[in-house]
Trainee: 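To start, I am sharing the structure in question, which I have written as structure tokens.
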Amino acid sequence: RVCIVGAGAIGSLYAAHLARVVEVWAFVRRREHAAALNREGLSVSGKHEFHVSLRATSDPAEVPDCDLAIVATKATQVEDSMARVGRRFDRGAVISAQNGLGSEEIIAAHTQGQVIRGTTFMSGTRHSDVEVQYELDTATWLGPFEPRQTPFAMVKEAADLIVAGGLKAEPLQDARPAQWSKLIFNSSVNGVSAL
């Protein structure tokens, strides 16, 4: 059982692809978003074209214990989200899929589960609560979170699951260089894009 924490563009891509191979829950901020996902499922267009059913909730009490979670919120929402549902992952693992640095420490403060560093250049466009367009199909890079001594075998298992769902993933012994490269890329590109 997998929980996607935050179902924006990236979270929706993880949720939809993984729902093809495992039971997926989405923990979202808005009640109407959860209701739409439960009622209509999630459609993917672009690089892949398919539709899946999944379970969604905005109520932390409804989130079941999960084997894996992927935190795909904005970096500023990690603290609030994990404070609400982090204990549901105490016997599993949690992947941090935010840009930048520091989310793993926040995640680790709210769960006893293993923590996995993650970063991705994968991209999509969220057209509605129930439709996402898959645009750039690059790998998610995953690695152990050193303070938690996450076993590399667990990182590899998470990467294999992502690949089984139809996305790309690469397990790394040390994902910090990948995280820094994404941070540097965003620092140089985002300002120009904003202008």
Side-chain angles (χ1 to χ4, degrees), residues 1-30 33-58 63-75 77-78 81 85 88-89 92-99 103 107 113-143 153-172 175 178-179 182:
R1 182 182 291 147
V2 174
C3 181
I4 307 301
V5 180
I10 299 302
S12 292
L13 288 172
Y14 284 125
H17 284 82
L18 289 170
R20 301 196 298 181
V21 293
V22 294
E23 178 186 338
V24 169
W25 283 75
F27 178 62
V28 298
R29 287 182 301 121
R30 295 180 294 109
H33 186 182
L37 287 170
N38 286 322
R39 184 178 59 249
E40 300 177 43
L42 188 54
S43 294
V44 176
S45 61
K47 295 283 184 185
H48 297 156
E49 304 267 346
F50 64 93
H51 179 270
V52 295
S53 295
L54 52 84
R55 296 178 180 177
T57 185
S58 60
V63 176
D65 290 344
C66 293
D67 305 299
L68 178 68
I70 300 176
V71 180
T73 64
K74 298 292 185 192
Q77 298 168 335
V78 175
S81 297
V85 295
R88 299 296 189 197
F89 319 132
V94 183
I95 297 171
S96 170
Q98 283 73 38
N99 291 326
S103 290
I107 290 168
Q114 293 295 337
V115 179
I116 297 173
R117 292 183 182 276
T119 193
T120 188
F121 278 93
M122 174 176 69
S123 68
T125 300
R126 186 175 168 276
H127 292 292
S128 73
D129 284 346
V130 296
E131 183 184 353
V132 63
Q133 183 176 339
Y134 185 23
E135 295 171 353
L136 187 59
D137 61 343
T138 56
T140 296
W141 295 319
L142 303 170
M154 185 172 279
V155 174
K156 187 172 183 330
E157 186 178 354
D160 289 346
L161 181 62
I162 291 169
V163 170
L167 296 172
K168 296 177 181 176
E170 184 178 344
L172 305 169
Q179 286 182 305
K182 178 69 183 282

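Just so we're clear, the structure is a prediction, and the values are computed from it rather than from any experiment. Numbering of residues begins at 1 and proceeds along the displayed sequence.
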Trainee: Ignoring hydrogens, what is the shortest heavy-atom contact between Val163 and Ala169? Give both atom names and the distance.
Mentor: CG2-N, 3.7 Å

Trainee: Ala93 and Ile116: which non-hydrogen atoms are nearest, and at how many Å?
Mentor: CB-CD1, 4.1 Å

Trainee: Evaluate Leu37 against Val130 for side-chain contact (heavy atoms from CB on, under 4.5 Å), listing each step before the verdict.
Mentor: CA-CA 6 Å; Leu37 287 170; Val130 296; 4.2 Å; yes

Trainee: Between Glu131 and Glu40, is any pair of side-chain heavy atoms under 4.5 Å apart?
Mentor: no

Trainee: To the nearest 0.5 angstrom, please state how far the CD1 atom of Ile4 sits from the CD1 atom of Ile10.
Mentor: 11.5 Å

Trainee: So for atom CD, which belongs to Glu157, do other residues, nucleotides or ligands contribute more than 12 heavy atoms lying within a distance under 6.0 Å?
Mentor: no

Trainee: What verdict does the side-chain contact (heavy atoms from CB on, under 4.5 Å) test give for Trp25 and Val85, after you've listed the backbone C-alpha separation in whole Å, the side-chain angles of each residue and the deciding distance to 0.1 Å?
Mentor: CA-CA 12 Å; Trp25 283 75; Val85 295; over 6 Å; no

Trainee: If you measure from CG on Leu172 to CD on Glu170, what distance do you get to the nearest 0.5 Å?
Mentor: 5.0 Å

Trainee: So His17 and Tyr134, do their side chains get closer than 4.5 Å, heavy atoms only?
Mentor: yes

Trainee: Shortest non-hydrogen contact from Gly6 to Ala72?
Mentor: O-CB, 3.8 Å

Trainee: For residues Ser103 and Val78, report the shortest heavy-atom separation together with the two atoms involved.
Mentor: OG-CG2, 3.9 Å

Trainee: Atom OG in Ser12, atom NE2 in His127: separation rounded to 0.5 Å?
Mentor: 11.0 Å

Trainee: Is it true that a side-chain atom of Thr138 and a backbone atom of Met122 form a donor plus acceptor pair closer than 3.5 Å?
Mentor: yes

Trainee: Counting C-beta onward and ignoring hydrogens, is there a side-chain heavy-atom pair between Arg88 and Cys3 closer than 4.5 Å?
Mentor: no

Trainee: To check you understand the geometry: which heavy-atom pair defines the closest contact between Val132 and Ala9, and what is its length?
Mentor: CG2-O, 3.7 Å

Trainee: Above 12 or not: heavy atoms from other molecules or residues under 6.0 Å from CZ of Arg126?
Mentor: yes

Trainee: For a 4.5 angstrom cut-off between non-hydrogen side-chain atoms, does Val2 reach Asp67?
Mentor: no

Trainee: Does a side-chain heavy-atom distance below 4.5 Å link Leu68 with Ile95?
Mentor: yes

Trainee: Taking it one step at a time, do Val71 and Gln98 satisfy side-chain contact (heavy atoms from CB on, under 4.5 Å)?
Mentor: CA-CA 7 Å; Val71 180; Gln98 283 73 38; 3.2 Å; yes

Trainee: As a quick check of understanding, evaluate side-chain contact (heavy atoms from CB on, under 4.5 Å) for Ile70 and Leu18, giving each step before the final call.
Mentor: CA-CA 11 Å; Ile70 300 176; Leu18 289 170; 3.8 Å; yes

Trainee: Can a donor-acceptor pair be found, under 3.5 Å and without considering hydrogens, that links the side chain of Arg117 to the backbone of Ala175?
Mentor: no

Trainee: Out of curiosity, Phe89 CZ to Ile107 CD1, how far, rounded to the nearest 0.5 Å?
Mentor: 9.5 Å

Trainee: Answer whether the closest heavy-atom distance between the side chains of Val5 and Val94 falls below 4.5 Å.
Mentor: no

Trainee: Please report the shortest heavy-atom distance between Leu54 and Ala15, naming the atom on each side.
Mentor: CD2-CB, 4.0 Å

Trainee: Distance from Ser123 atom OG to Lys47 atom NZ, nearest 0.5 Å?
Mentor: 9.0 Å

Trainee: Working to the nearest 0.5 Å, report the span between CG of Leu167 and CZ of Arg20.
Mentor: 7.5 Å

